[in-house]
There are 2 protein chains.
Amino acid sequence: MATRKINSTYTRNESTIIECDLTYAVYMIGGRWKLLILSKLEGKTLRFGELKKAFPYITERMLTLQLKALEQDGLVKRTVYAEVPPRVEYELTEVARELEPILKMLSTWGNKQRSMTTMK
Amino acid sequence: MATRKINSTYTRNESTIIECDLTYAVYMIGGRWKLLILSKLEGKTLRFGELKKAFPYITERMLTLQLKALEQDGLVKRTVYAEVPPRVEYELTEVARELEPILKMLSTWGNKQRSMTTMK
DNA sequence: TATGGTACGAACAAATATGTAAGTAATGGC
DNA sequence: GCCATTACTTACATATTTGTTCGTACCATA
């Protein structure tokens, strides 16, 4: 998101990653909070403050950043109401809803995987 | 992987993420190269050098780190042959193979998602 | 004795991701 | 005027991830 040296290997390699549909997809839902936010928004419309309360440890800055990224990627719809104090609501988009069943499978896999790793 | 201040918020929040099966799963396949490596190993057994050739831009250090992490998480099996020069082979584990169909769906979703975002 | 190939390891540097702390705009109610 | 509320924003600090460069062990072979 920030300015970045375009010619760095870091950037060139990022291009490589984004060219692949799979890594692109994971890049989009990666990061520390995005999946939790998406999960929280399943079937609901929530205000900024409600999301914040849902994750006691997230900072406002992080929540703002993640929501902005999710909106840019078309996973979350942001609606601003011209009121004071302001009211902003967030909800999943169609594309994000299509992701839900896949995430459910991933979650199941993660659970199984975790238990296997822990067993050792 | 490196040493880290245990009491930092960074660490506490990481715990939050790892407690959720879904975010845990994505954490495990996250990072820049892991998914590409896993994809490359589908149905094959490859040597370190072969993997390296598969990704011209990855550095040996990164490849080593990612393979080590994948092995620790039980997604990749590493076999060392007592030869000179050394020969080390990598292959997917059972758990990793169970992940394949899910990743295929994610990839399809990523492709669709990308085309929608690009259209704007 | 020197060399070459393989799969790393270590010290350092650059870039990004995340967290901390403080501040802002707008307005209705006191 | 003063304050409270909400959804941010900004400057700064910290932590992690990724990349760069150089080095190493092993032994068969020249």
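Numbered from 1 within each chain, the chains take letters A, B, ... in sequence-line order.
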Just how far, in rounded Å, is [atom2] of [N] from [atom1] of [X]?
X	N	atom1	atom2	value
A:Ile17	D:dG19	CD1	C1'	13 Å
B:Leu65	C:dA7	CG	C1'	13 Å
A:Leu67	D:dT6	CG	P	17 Å
B:Tyr81	D:dA25	OH	C1'	21 Å
A:Glu71	D:dA7	CD	P	15 Å
A:Phe55	C:dT18	CZ	P	14 Å

If you define the side chain from C-beta out and look only at heavy atoms, does anything of A:Met105 sit under 4.5 Å from B:Met105? yes
Less than 4.0 angstrom between a side-chain N/O of [X] and OP1 or OP2 of [N], yes or no?
X	N	result
A:Gln66	C:dA17	no
B:Arg87	D:dC27	no
A:Lys68	D:dT9	yes

Are the side chain of [X] and the backbone N or O of [Y] linked by a donor-acceptor pair below 3.5 Å?
X	Y	answer
A:Gln66	A:Leu63	no
A:Trp109	B:Ile102	no
B:Gln113	A:Asp73	yes

Looking across every strand, which nucleic acid part, if any, lies under 4.0 Å from A:Tyr90 by heavy atom: base, sugar-phosphate, or nothing? sugar-phosphate
Nucleotides 19-28 of chain C: protein proximity per nucleotide (B base, S sugar-phosphate only, - neither; heavy atom, under 4.0 Å): BB-----BB-
Closest approach of A:Glu19 and B:Arg114, non-hydrogen atoms and distance?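 A:Glu19 and B:Arg114 have their closest heavy atoms at O-NH2, 3.3 Å.
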Between B:Glu100 and B:Leu92, what is the shortest heavy-atom contact and its length? OE2-CD1, 3.4 Å
Cluster link [X] to [Y], ILVMFWY, side chain under 4.5 Å:
X	Y	value
B:Tyr57	B:Leu67	no
A:Tyr81	A:Leu41	no
A:Met116	B:Tyr24	yes

Members of residues 40-53 of chain B that approach DNA chain C, where some heavy atom sits under 4.0 Å away: B:Arg47, B:Phe48, B:Gly49
